[in-house]
Amino acid sequence: MSFLIAESLDDALAAIAAGARPIAGGTDLVVGARHGKEALPDELVAIDRIDQLAEIGPGPGGIRIGALVTHATLMTDPLVVAEFTALADAAALVGSPSTRHVGTLGGNVMNASPAMDTGAPLMVLGAVADLQSVGGSRSVPLDELWTGPGTTSAQADELLIGVTLSSAPQRSGSAYVRLEYRRAMEIAVVGAAAAVTLGDDGTIAAAEVALSAVAPTVLLVEGVGDALVGRDPESAASAAAGLAGEQASPISDLRASDSYRRHCVGVMAKRAVVAAARRAAGEDIAVPVNRSIGIGAA
Amino acid sequence: MAITESPRFVRADGPDKVTGSGRYTADMNLTGQLVAKFRYADVASARITRLDVSAAKAMPGVFAVITDEDVPDVHYGSPVPDRTLFARDAVRYEGEVVAAVAAVDAATAQSAVDAIVVEYEALPIVADLEASMAEGSPLVHERWETYDVGDGTEQRPNVASFSSIEKGDVQAGLDQADHVVTSRYEADGTHAIPIEPRAVIAQWEGDKVTIWTSSQVPFDARNGVCETLQLSANRVRVIVPHLGGGFGGKCGFHFEAHVAALARATRRPVKLVFSRREEFLAPDRRRESMIIDITTGVRNDGTITARTGWVAVENGAYTADSAFFPQLSAMHVAGPYAIANVFIESSLVYTNHQPSGSVRAPTAPQACWASESHNDEVARAIGMDPVEFRRRNLVDEGIEGPSGQVYGDIGVRRCLEAAVEAAGYGDDLPADEAIGVAVGWWPSFPGPSGAYIKLDGDGSGQIITGAQECGTGSVMTLRQLAADELGMDAEDFQLVYQDTSAAPYDTGATGSQTLLNNGRAVVESAKEIAEQLRELAADQLEAAAADIVLAGGNAHVAGSPDKSVSIPELAGIAAGGELLIGKGSGTPPEYPSASATCVGDQGMAGWAGPQFSCHAIRIRLDRETGVVRVLDVFAAHDSGTIINPVGARGQVEGGIMMGIGQALTEGTRYGDDGRQQNPALLEYKLQTAADVPTIHTTFIEVPDPNAGPRGAKGVAEAPNVPTAAAIANAITKLIGRPVRQLPMTAERVWTTSNTGSEQGGES
């Protein structure tokens with residue numbers, strides 16, 4: 001087994017092109033190997049010291065959040081909290097404080113679990129994945145990146161260097177809400193993110209809703225714009241709940257039955273739209289929504 | 001007097017544990033040590049048609065592979081000798097040990113485990129408690145009739161033990177009732193989940209073996225080794241380094257003999273360390289699943305006229321210490337109520353699941369959850385407030401309980417009033433909040449126990465005790481009991497404990513009994529030394545021994561504190577002559593009589609030192625998802641005199657958290673293949689620190705003369721008893737009907753709330 005510590009992005013890309021797998025926080029790779037999910041790759045390249053991948057700031061085409069940004073940073077970074085609040089909501093719910101300090105956004109995105117918490121927020125915020133290899137770079141919309149549970153359309157020699165998002169419009173807000181049975185060390189049973197822009201009259205001017213853990217990939221709900229625009233937030237939220245329930249294709253497993261998941265994802269979608277609209281209207285709902293309103297509030 | 005009121009109370013094992021300098025079994029390593037790994041059945045029920053270990057034995061680095069053929073032919077288990085160390089002919093649960101390997105390292109040991117060839121012929125899987133008791137059910141043990149199960153246990157296919165409580169005439173009682181309410185409740189099994197997965201190291205020297213193990217009951221572990229490997233007690237020494245919790249999961253005899261047999265076969269020290277997955281699957285100690293049917297006749301004034309019950313308690317594949325569970329569960333189905341006519345029968349039922357055993361208050365949280373939920377149903381049937389209903393029926397001093405025991409001075413009514421008053425029961429609450437109330441009880445367990453104390457020449461003391469510290473702090477409290485007898489300071493004493501060859505017998509960290517029984521032994525030991533010190537001081541001070549007072553580290557003449565000699569000085573004198581050695585055991589409290597007729601009496605109808613409790617729990621319900629959040633727990637406990645309030649409060653808080661987990665998020669799920677589906681901490685959801693509600697604890701201190709030192713009863717298990725029940729009653733208030741399955745998961749709450757499906761009801 002070889003373990004290379006990359007000093008630069010070029011080093012990392014060269015190692016990946018030669019067959020090494022990238023590792024940053026290791027919260028999926030190492031824990032998965034310990035639990036017998038998949039053995040550690042023979043060749044690893046550590047990318048955690050490539051500082052340029054840990055930055056949040058203006059990039060080509062919008063604001064780039066580097067792949068090495070940790071969940072702990074996402075939940076507290078002023079820019080993320082202000083503009084991409086749903087992403088901060090999601091990051092704050094992941095695992096435990098130690099998981100959040102080690103686990104990275106890039107790892108979460110490329111692990112491609114449909115139950116990932118940061119996926120639905122990135123979807124509704126219109127993020128694109130920035131992939132780079134020794135041969136060049138490209139940007140891929142997330143619904144094209146995620147192809148199934150644990151699989152992506154990235155090539156073996158491509159490294160996710162970050163995600164790029166557009167600045168939030170005026171009078172917009174976002175939120176991520178998750179069903180959880182306990183308040184720490186939890187994994188999404190179902191979750192929903194919403195991004196909402198309000199018109200001058202307080203009705204919905206634009207909206208997107210995406211769902212966690214109810215389909216083979218994070219699911220962007222179709223037809224949300226048409227169904228929600230022009231409605232007041234309450235009735236828009238009900239409409240979103242209906243669409244979410246219809247389009248979800250959940251499974252039954254130890255965490256929940258398919259019918260309970262289908263019901264609850266509608267509830268989460270409704271709550272996400274309501275919270276996003278309240279934020280769009282200027283209300284300061286602390287991150288994460290799960291700890292600020294409803295059953296999980298302190 | 002409460003000892004931790006002293007600001008100087010220091011828990012002797014605290015600094016070790018907090019700083020990380022404490023050593024647990026898995027931290028130890030011996031020169032030449034090999035690594036043990038087990039080959040498990042991995043199927044729930046099958047006949048072994050082929051077992052071939054030759055390839056595994058031939059692997060480089062493998063020192064031994066042993067099976068049933070390599071150990072003495074012993075069926076063990078008390079009172080039902082239904083098992084062998086290694087599977088013989090058949091396997092009856094997935095975690096049964098088929099073979100054990102000792103190899104030079106873990107990877108080699110695992111390769112050898114994988115190289116063992118086992119072929120099976122599938123047998124039917126017995127999993128359903130009711131079906132397994134039905135005529136014609138497949139048998140978990142084909143040879144059940146040959147098991148000598150001891151007196152009082154009725155033998156029936158797939159029933160390991162049976163008991164009943166019968167008093168009065170239930171038909172006559174039901175005939176007097178204005179309403180008859182019938183309910184069925186079903187509880188899933190749960191796990192103890194100590195933080196430390198178990199570990200065992202064995203090393204032979206000549207014909208003697210020393211075993212370091214993470215056991216709660218070192219003497220039981222030693223006796224199991226003696227029985228299965230056919231060794232005398234003085235050739236087996238069991239030592240427990242620091243123990244990382246147990247909660248009952250580490251009671252009993254587990255894998256000490258397997259590792260000792262490997263060490264003997266290899267002539268090397270051998271070490272076994274469990275993974276979390278093994279900790280879930282293999283030990284014969286998890287909390288039993290249960291089915292509970294209850295029928296109660298009640299008059300409109302709230303008087304219970306009769307109660308009948310039918311209980312099935314899951315034994316799993318083998319009988320651990322579970323033989324007394326039927327009568328214990330029957331007592332909890334009855335509850336601490338003055339019921340004239342009682343007929344409750346309970347069976348311990350074999351299945352092809354992991355064996356059950358004494359996890360913190362075995363059978364009680366489930367049975368209390370059922371009976372206290374049922375009591376709220378009964379109260380509802382007559383339109384009476386459930387707290388008032390309990391006031392009408394609770395036992396009290398001089399009143400006969402459901403098993404015919406007449407109680408002395410007890411605090412059960414004061415517990416109820418204290419909890420509901422603290423909770424503000426009856427005050428208005430937000431629409432999605434409710435307070436549920438439940439009353440629980442639990443026995444104390446008198447038993448033999450021993451200790452020595454010695455004071456060395458410098459006056460410093462050592463307590464050599466058989467007691468086991470499980471993390472509760474009860475052993476730590478022994479220092480203060482000794483110090484108080486001798487007029488010394490707790491910190492003048494060191495503890496030598498958890499070593500079966502150093503100290504006399506103790507039952508171990510089980511049955512909430514350490515302070516009750518070993519406290520008595522330590523006090524007796526200290527009294528012997530006190531007597532010696534008084535004699536010595538009498539010589540020095542030219543006074544009568546009876547007039548000597550031990551206080552403040554000195555011996556002085558009563559009424560003349562100035563006329564004194566220090567205890568170190570007396571110890572120095574003793575060091576040149578008759579040494580200061582005390583020994584003690586004392587006479588255990590008696591088990592009170594109970595007048596009920598009990599078929600298969602298992603000694604659980606008359607309780608010594610009965611403990612009482614009431615929890616009033618405020619919850620909030622997310623109606624759209626069924627998620628329940630526990631906001632406040634108001635707990636009132638009568639555990640007799642509280643000797644160590646810090647420790648006792650810790651037990652109440654820990655028991656409540658375990659109870660909340662059992663109530664809402666834990667529970668083992670089984671597949672159709674009879675195997676656990678969630679043997680891991682991601683899918684078996686314990687409560688976390690972030691989920692802890694505010695816990696308000698009140699102790700109702702009623703000294704019990706037939707209990708432990710200063711009238712103390714046990715306290716470790718009782719707080720686990722009424723928590724799930726109180727949460728259940730709060731949920732029912734919010735959704736209008738009981739959730740009849742435990743745990744009351746969010747999905748079960750939501751389903752019950754929305755579909756209205758429920759079994760049972762008023763007839």
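Keep in mind that the numbers below use all heavy atoms, side chains included, and drop hydrogens, waters and symmetry copies. Proteins get letters first, then strands, A, B, ... in listed order; numbering begins at 1 in each. Note that this is a predicted model, so its numbers are computed, not measured.
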Does Val692(B) form a side-chain contact (heavy atoms from CB on, under 4.5 Å) with Arg183(A)? I'd like the steps, not just the answer. CA-CA 10 Å; Val692(B) 178; Arg183(A) 284 154 50 90; over 6 Å; no

Toward chain A, the part of Leu631(B) with a non-hydrogen atom under 4.5 Å: neither

What part of His35(A) is in contact with chain B, defined as an atom under 4.5 angstrom from a non-hydrogen atom: side chain, backbone, both or neither? neither

Show your reasoning for whether side-chain contact (heavy atoms from CB on, under 4.5 Å) applies to Lys685(B) and Met185(A). CA-CA 9 Å; Lys685(B) 293 192 188 296; Met185(A) 298 305 291; over 6 Å; no

CZ-OH distance between Arg748(B) and Tyr260(A), expressed to the nearest 0.5 angstrom: 12.5 Å

Can you tell me if Gln110(B) has over 12 outside heavy atoms packed within less than 6.0 Å of its CD? yes

Atom pair OH/OG1 of Tyr181(A) and Thr625(B) - distance to nearest 0.5 Å: 8.5 Å

For Thr665(B), is it the side chain, the backbone, both or neither that has a heavy atom under 4.5 Å from a heavy atom of chain A? side chain

Examine whether an atom of Ser96(A) lies under 4.5 Å from a heavy atom of chain B, and if so say whether it belongs to the side chain, the backbone or both; otherwise answer neither. neither

For Leu681(B), which atoms come within 4.5 Å of any heavy atom of chain A: side chain, backbone, both, or neither? backbone

Looking at Glu624(B) and Val267(A), what are the two nearest heavy atoms and their distance? OE1-CG1, 3.6 Å

Quick one: what part of Leu254(A) sits under 4.5 Å from any heavy atom of chain B, side chain, backbone, both or neither? both

Interface moiety of Glu683(B) toward chain A, non-hydrogen atoms closer than 4.5 Å: side chain

Check whether more than 12 heavy atoms from other residues, nucleotides or ligands sit under 6.0 Å from atom CD of Gln677(B), and answer yes or no. yes

Minimum heavy-atom distance Val627(B)-Ile295(A), with the two atoms named: O-CD1, 3.7 Å

